[in-house]
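Quick notes on the structure that follows.
From a predicted model like this one, the values you see are computed outputs, not experimental measurements.
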Amino acid sequence: QVQLVESGGGLVQAGESLRLSCVGSGRTFYAMGWFRQAPGKEREFVAVHYWTGGVTYYADSVKGRFTISREGARNTVYLQMNRLKPDDTAVYYCAARTDSPGPYYLTSSYNYWGQGTQVTVSS
C-alpha cells in the first residue's frame, strides 16, 4: 500500500519560517513535490524534486523563499518555507509520481497524494 504522510504545518506570523516533511512508503517514486490549496481556489503547484539528477522546479510565487530537498535514499522530501506571507496560507499536499509523462505543474501528472497539512500565516 502506497502512503504519503505529511507533517510540519502550523500557525506562524508573516516573515517567519516553517518546514514541511513528507515520508513516502510502498514503492519507489520518480519525483516528489508539493501543491497547495487555499479556500475557494484550485490546487496549485508549489515545488517538485526529481530523483534523477536532483532537478527541482518552483512556482514563481515561492521562488527564492521556499526550498525543496530530499533526504538521501529515502522517499522523504522537505519543504523549507522562509519569509512566509499571508498569501501562503493554504492546505499543503505532498504528491508523488511514478512515471515521466505530464508537466510537473499539473495535478494530473501525480499518482499519489498525502492527506494535507494546514499552513496559516497571520499578518
Side-chain angles (χ1 to χ4, degrees):
Q1 181 182 1
V2 177
Q3 280 191 314
L4 300 178
V5 180
E6 305 110 330
S7 61
L11 171 63
V12 297
Q13 294 188 333
E16 295 184 340
S17 300
L18 275 177
R19 190 176 83 153
L20 305 182
S21 301
C22 175
V23 179
S25 61
R27 66 169 302 163
T28 301
F29 304 111
Y30 177 74
M32 292 178 71
W34 295 91
F35 284 71
R36 67 186 181 185
Q37 189 167 18
K41 296 187 177 181
E42 293 188 353
R43 194 170 297 189
E44 64 175 7
F45 168 76
V46 175
V48 65
H49 181 103
Y50 282 81
W51 271 205
T52 302
V55 176
T56 59
Y57 296 100
Y58 296 93
D60 288 343
S61 59
V62 307
K63 205 171 292 183
R65 299 188 298 122
F66 291 11
T67 302
I68 188 169
S69 60
R70 172 191 176 189
E71 180 180 320
R74 297 180 57 190
N75 279 341
T76 300
V77 288
Y78 303 101
L79 186 68
Q80 178 66 42
M81 306 185 293
N82 298 329
R83 303 197 309 276
L84 282 161
K85 305 175 182 179
D87 284 348
D88 295 318
T89 295
V91 177
Y92 283 71
Y93 295 90
C94 179
R97 56 190 302 181
T98 57
D99 54 13
S100 58
Y104 61 84
Y105 49 84
L106 293 182
T107 57
S108 58
S109 298
Y110 295 80
N111 310 89
Y112 304 100
W113 294 86
Q115 79 286 354
T117 184
Q118 177 71 45
V119 172
T120 303
V121 184
S122 63
S123 58

Hey, does the side chain of Glu6 reach the backbone of Cys22 with a donor-acceptor pair shorter than 3.5 angstrom?
-> no
Arg36 and Val119: side-chain contact (heavy atoms from CB on, under 4.5 Å), yes or no, with the steps?
-> CA-CA 9 Å; Arg36 67 186 181 185; Val119 172; over 6 Å; no
Cluster overlap Val5 with Val2, hydrophobic side-chain contacts below 4.5 Å = no
Are the side chain of Ser109 and the backbone of Pro103 linked by a donor-acceptor contact shorter than 3.5 Å?
-> yes
For Tyr78, is the NZ or CZ atom of Arg19 found under 6.0 angstrom from the centre of its six-membered ring and inside 45 degrees of the ring axis?
-> yes
Is a donor on one side and an acceptor on the other found under 3.5 Å between the side chain of Arg97 and the backbone of Gly102?
-> yes
Tyr93 meets the side chain to side chain donor-acceptor pair (under 3.5 Å) criterion, sequence neighbours left out, with none
Judged by atom type as modelled, is there a donor-acceptor pair below 3.5 Å linking the side chain of Thr56 to the main-chain atoms of His49?
-> no
Salt-bridge criterion met for Lys63 and Asp60 (N-O under 4.0 Å) = yes
Residues 7-18, side-chain donor-acceptor partners within the protein, below 3.5 Å, at least two apart:
residue : atom : partner : partner atom : Å
Glu16   : OE1  : Gln13   : N            : 3.0
Ser17   : OG   : Asn82   : OD1          : 2.9

For Met81 and Leu84, the nearest pair of non-hydrogen atoms, with its separation, is CB-CD2, 3.8 Å
Would you check if the side chain of Tyr58 reaches a backbone N or O of Ile68 as a donor-acceptor pair within less than 3.5 Å?
-> yes
Evaluation steps, side-chain contact (heavy atoms from CB on, under 4.5 Å), between Tyr57 and Tyr105 = CA-CA 9 Å; Tyr57 296 100; Tyr105 49 84; over 6 Å; no
Between Tyr110 and Phe35, is the gap from one ring center to the other below 6.0 Å?
-> yes
Roughly how far, to the nearest 0.5 Å, is CE of Met32 from CH2 of Trp51?
-> 5.0 Å
Taking all non-hydrogen atoms of both residues into account, name the closest pair between Val48 and Ala31 and its distance.
-> CG2-CB, 4.1 Å
Nearest non-hydrogen partners of Thr98 and Arg27, listed with the distance | CG2-NE, 3.4 Å
May I have the step-by-step check of side-chain contact (heavy atoms from CB on, under 4.5 Å) for Phe29 and Asn111, ending in yes or no?
-> CA-CA 10 Å; Phe29 304 111; Asn111 310 89; over 6 Å; no
With Thr120 via side chain to side chain donor-acceptor pair (under 3.5 Å) - residues at least two apart | Gln118
Would you call Cys94 and Trp113 a side-chain contact if the rule is heavy atoms closer than 4.5 Å?
-> no
Mind checking whether Phe66 and Tyr92 have parallel, tilted or perpendicular rings, split at 30° and 60°?
-> tilted
